[in-house]
J.: 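Quick one: the structure is below, questions incoming.
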Amino acid sequence: MRILFFGRGVISTQYAWAFEKAGHTVEFYVRKGRKETFGSSIELEMWDARRGKQLIKESWNVKLHEEMSPNYDLIIVSVNTEQLPEAAQLLSTAAGNTPVLIFNNVWQDLKSSISPLSMNNVVFGFPGGGGGITDNRLRGGFLKMLFLEKPRLGTEQINNKVKELFESAHFKISWIKDMQNWLWNHFAMNAAIETEVLKLGSFPALMNHSDSFANVGKNMRGIIPVLKARGAKIDTISLLLTKIPPALLGTLFNKVIFAKGSLPRLFIEYNNTKAGFAVLEVVREAKKLGIPLTRLTVAFENNEQHKAIENSIS
């Protein structure tokens with residue numbers, strides 16, 4: 001397959017590398033000026049967990065474009081959530097009939113999130129990886145598992161194409177029946193986590209603070225009424241975050257789920273993105289619904305970058 005990745009971020013770069021190794025042609029669309037800034041290669045230091053736990057260290061040559069053409073079998077979009085509307089707008093005019101995989105976190109309803117793209121030409125998924133890029137050096141990794149929505153009426157052919165692509169690169173797909181509900185719950189969890197990142201200053205600080213995940217559970221308890229008011233069903237992970245006592249939850253996350261040396265922990269520790277957008281979106285929704293969300297609101301408004309986040313999307 002010939003695949004175009006929208007942007008050269010952490011997720012796009014890692015999966016593009018895996019697809020190229022599986023024999024596919026991968027290229028990247030980047031904004032004007034970024035081609036020169038990024039250069040023709042990127043330094044990789046990432047964990048590949050498809051077959052055990054393998055550290056990949058190499059300088060990987062990439063092909064970047066600042067113009068978009070429809071001459072691809074598939075376009076994969078994995079961008080910061082606030083950038084998705086702009087990406088969808090551009091794709092609606094430049095991508096032609098090329099099918100699109102939205103490999104992204106989403107808080108809006110799915111149809112609105114990709115407007116003016118047609119839902120019949122789009123499938124939604126979510127990666128199993130993470131990390132960060134600093135000075136053209138990517139540190140992170142990906143797991144064998146990723147998430148993909150079950151076919152909707154009209155998307156069967158695209159789903160099958162995406163399925164064949166990932167399976168050709170030895171990934172395993174976890175099929176999600178209700179992707180909208182799954183993404184709402186996942187976005188809410190991100191907001192609960194980012195609230196603590198705002199308070200502590202960084203993702204690595206989150207992982208090294210003993211009370212972090214006890215507080216994440218408290219944050220999630222506040223968000224649950226917002227999810228319910230939207231019509232979401234509370235999934236297993238959200239229930240885990242809200243039903244287990246905070247002290248026990250902290251131990252579970254610190255000693256088991258994000259144990260030292262585990263790949264999920266490393267993915268978060270390498271994350272150097274600015275937190276806050278997920279918190280802002282959930283707080284906005286809570287205000288619209290008339291639901292108090294004190295913990296998130298205080299953390300966001302006490303953070304010096306909250307004005308910058310608000311201004312960047314206003």
J.: Residues two or more places apart in sequence or in another chain: which of them pass side chain to side chain donor-acceptor pair (under 3.5 Å) with Lys199?
T.: Glu196

J.: Could you give the side-chain donor-acceptor pairs of residues 119-133 under 3.5 Å, partners two or more places apart or in another chain?
T.:
unit_1, atom_1, unit_2, atom_2, d
Asn121, ND2, Thr98, O, 2.9

J.: Who passes side chain to side chain contact (heavy atoms under 4.5 Å, CB included) against Ser212, sequence neighbours left out?
T.: Leu200, Leu206, His209

J.: Output all residues satisfying side chain to side chain contact (heavy atoms under 4.5 Å, CB included) with Ala87, sequence neighbours left out; order by chain, then residue number.
T.: Phe6, Val77

J.: Please list all pairs passing the salt bridge (charged side-chain N to carboxylate O under 4.0 Å, His left out) test where one or both residues lie in residues 134-153, with sequence neighbours left out.
T.: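 For residues 134-153, and leaving out neighbouring residues, the salt bridge (charged side-chain N to carboxylate O under 4.0 Å, His left out) pairs sorted by first residue read Glu45-Arg137, Glu45-Arg139, Glu149-Arg152.
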
J.: According to ring pair (Phe, Tyr, Trp, His ring centres under 6.0 Å), who are the partners of Phe171, at least two apart in sequence or on a separate chain?
T.: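 With neighbours one apart ignored, the set is Tyr15, Phe142, Phe166.
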
J.: How about Arg2: does its CZ atom have over 12 heavy atoms from other parts shown lying under 6.0 Å from it?
T.: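 Enclosed: over 12 neighbouring heavy atoms sit under 6.0 Å from CZ of Arg2.
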
J.: Applying side chain to side chain contact (heavy atoms under 4.5 Å, CB included), name anything that partners Thr273, two or more places apart in sequence or on another chain.
T.: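 Residues passing side chain to side chain contact (heavy atoms under 4.5 Å, CB included) with Thr273: Phe203, Asn271.
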
J.: Could you pull out all residues at least two apart from Asp48 that satisfy side chain to side chain donor-acceptor pair (under 3.5 Å)?
T.: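 With neighbours one apart ignored, the set is Arg50.
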
J.: Surrounding CD of Glu86 (heavy atoms of other residues, nucleotides or ligands, distance under 6.0 Å), is the total greater than 12?
T.: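 It does not: Glu86 CD has 12 such atoms or fewer within range.
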
J.: Quick check for you: to the nearest 0.5 Å, what is the distance between Ile223 atom CD1 and Leu296 atom CG?
T.: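 Here the interatomic distance stands at 4.5 Å.
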
J.: Mind listing the side-chain donor-acceptor pairs of residues 36-44 below 3.5 Å, one per line with the distance, residues two or more places apart or on another chain?
T.:
unit_1, atom_1, unit_2, atom_2, d
Thr37, OG1, Gly33, O, 3.0
Glu43, OE2, Ser59, OG, 2.8

J.: Applying side chain to side chain contact (heavy atoms under 4.5 Å, CB included), name anything that partners Ser112, two or more places apart in sequence or on another chain.
T.: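 Residues passing side chain to side chain contact (heavy atoms under 4.5 Å, CB included) with Ser112: Gln108, Asp109.
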
J.: Closest approach of Ala88 and Pro116, non-hydrogen atoms and distance?
T.: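 Shortest heavy-atom separation between Ala88 and Pro116 comes out as O-CD, 4.1 Å.
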
J.: Which residue pairs satisfy the side-chain hydrogen bond (donor to acceptor under 3.5 Å, both in side chains) criterion with at least one member in residues 221-232, sequence neighbours excluded?
T.: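 Found Arg230-Glu285.
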
J.: Report, as yes or no, whether the 6.0 Å neighbourhood of atom CD1 on Ile237 holds more than 12 heavy atoms from other residues, nucleotides or ligands.
T.: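 No, not enclosed.
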
J.: So, taking the atom named CE in Met220 and the one named OG in Ser238, what distance separates them when rounded to the nearest 0.5 Å?
T.: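 So the CE of Met220 and the OG of Ser238 are separated by 3.0 Å.
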
J.: If you group Ile, Leu, Val, Met, Phe, Trp and Tyr whenever their side-chain heavy atoms sit less than 4.5 Å apart, what else falls in with Tyr270?
T.: Trp47, Leu55, Leu143, Leu263, Leu266, Phe267

